[in-house]
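One structure below.
Predicted model only: the values in this text are computed from it and were never measured. Counting convention: from 1, in listed order, for ligands and their atoms alike. All residue numbers refer to positions in the sequence shown, counting from 1.
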Amino acid sequence: MNLYKDAANLLKEAKNILVFTGAGISAESGIPTFRGKDGLWNKYNPQELATLEAFLKNPKLVWEWYDFRRKLIKEAKPNLAHLTLAKWEKILPITIITQNVDELHQRAGSKNVIELHGNIWTLKCLSCSYQEKNYEVPLKKIPPICPKCHDLLRPGVVWFGEALPEDALKKAFALAQNADVCLVIGTSGVVFPAAQIPYIVKETGGKVIEINLEPTPISEIADISFFEKASEALRKIDKYL
Ligand code: OAD
């Protein structure tokens, strides 16, 4: 029995493949995850940094934290897991649905990427429709100000208690209903509605392959699980493609 070969065969036979990624895929690039041993939410309180209320109370503090994360992300490079997925996109019908805001999939060369939780390089106005992509690290002015209406600019990410971008979520759910395979990589699978995606694939007859360092709630519905680093598992599956 060779599960890597089985996973490769499922991918080769599929007409639609969804790759659902979380912070774990960027861990090997040196970007901290949210949960687990060195997770950000062990050190920082999300209620003080990742909610609209927190931002309105102390925009400087929240922006300093995002500025620190933008620096980490800018210095990071896509790892073998990101690069393997970008390579697969050329030979397989893949769409990546990511919860990550780091843009590392795109930097690795993936084109079909849906960002469910926004993008840390997007700045958007609290009041008007202004938004921009801004890769400055550190930001020149904290908090940044809207050039159009002079209200505060906020990070273009989804905070706790906020709705996901409607378009991205709709697309993601529609793709999930049609996917033959969902490859879940590096997510704890506890943040909804994003975490619904593998369940939708399973309920509509698709297969679920999971790659994570440890079991998650998604492991219960997974047809194949690999409990190891994302780069390792993808490298081994890649050999059979
Ligand atoms: P988490 O930090 O909750 O989970 C990361 C998962 O990756 C864990 O299950 C780890 O075991 C696993 N992992 C770590 N290193 C890995 C590696 N090298 N290879 C494979 N797996 C590895 O991150 P997410 O599930 O992405 O939301 O978190 C979901 C959301 O919660 C985030 O998008 C963020 C956060 O609050 C928002 O910002 C809205």
Spacing of D151 atom CG and C125 atom SG [to the nearest 0.5 Å]: 5.0 Å

Write out each pair where an N or O from ligand 1 and one from the protein are under 3.5 Å apart, with the distance.
{"from": "ligand 1", "atom 1": "2 (O)", "to": "F34", "atom 2": "N", "distance (Å)": "2.7"}
{"from": "ligand 1", "atom 1": "2 (O)", "to": "R35", "atom 2": "N", "distance (Å)": "2.8"}
{"from": "ligand 1", "atom 1": "3 (O)", "to": "R35", "atom 2": "NH1", "distance (Å)": "2.7"}
{"from": "ligand 1", "atom 1": "3 (O)", "to": "S188", "atom 2": "OG", "distance (Å)": "2.6"}
{"from": "ligand 1", "atom 1": "4 (O)", "to": "S188", "atom 2": "N", "distance (Å)": "3.3"}
{"from": "ligand 1", "atom 1": "7 (O)", "to": "G186", "atom 2": "O", "distance (Å)": "3.2"}
{"from": "ligand 1", "atom 1": "9 (O)", "to": "N212", "atom 2": "OD1", "distance (Å)": "3.3"}
{"from": "ligand 1", "atom 1": "9 (O)", "to": "N212", "atom 2": "ND2", "distance (Å)": "3.0"}
{"from": "ligand 1", "atom 1": "11 (O)", "to": "N212", "atom 2": "OD1", "distance (Å)": "2.7"}
{"from": "ligand 1", "atom 1": "18 (N)", "to": "E28", "atom 2": "OE2", "distance (Å)": "3.2"}
{"from": "ligand 1", "atom 1": "19 (N)", "to": "A230", "atom 2": "N", "distance (Å)": "2.9"}
{"from": "ligand 1", "atom 1": "25 (O)", "to": "T187", "atom 2": "OG1", "distance (Å)": "2.6"}
{"from": "ligand 1", "atom 1": "25 (O)", "to": "S188", "atom 2": "N", "distance (Å)": "2.9"}
{"from": "ligand 1", "atom 1": "25 (O)", "to": "S188", "atom 2": "OG", "distance (Å)": "3.4"}
{"from": "ligand 1", "atom 1": "26 (O)", "to": "A23", "atom 2": "N", "distance (Å)": "2.8"}
{"from": "ligand 1", "atom 1": "28 (O)", "to": "R35", "atom 2": "NH1", "distance (Å)": "3.2"}
{"from": "ligand 1", "atom 1": "31 (O)", "to": "R35", "atom 2": "NH1", "distance (Å)": "3.0"}
{"from": "ligand 1", "atom 1": "31 (O)", "to": "R35", "atom 2": "NH2", "distance (Å)": "3.3"}
{"from": "ligand 1", "atom 1": "33 (O)", "to": "Q99", "atom 2": "O", "distance (Å)": "3.2"}
{"from": "ligand 1", "atom 1": "33 (O)", "to": "H117", "atom 2": "ND1", "distance (Å)": "2.7"}
{"from": "ligand 1", "atom 1": "36 (O)", "to": "W41", "atom 2": "NE1", "distance (Å)": "3.0"}

Do S231 and N79 have side-chain atoms, one donor and one acceptor, less than 3.5 Å apart? no

Kindly determine whether D102 and W121 satisfy side chain to side chain donor-acceptor pair (under 3.5 Å), including the steps that lead there. CA-CA 8 Å; D102 59 25; W121 305 112; over 6 Å; no

Would you check if there is a donor-acceptor pair between the side chains of H82 and S110 at a distance under 3.5 Å? no

Pairing donors with acceptors under 3.5 angstrom, does anything connect the side chains of E210 and S219? yes

Answer yes if the side chains of Q196 and E203 hold a donor-acceptor pair under 3.5 Å, and no otherwise. no

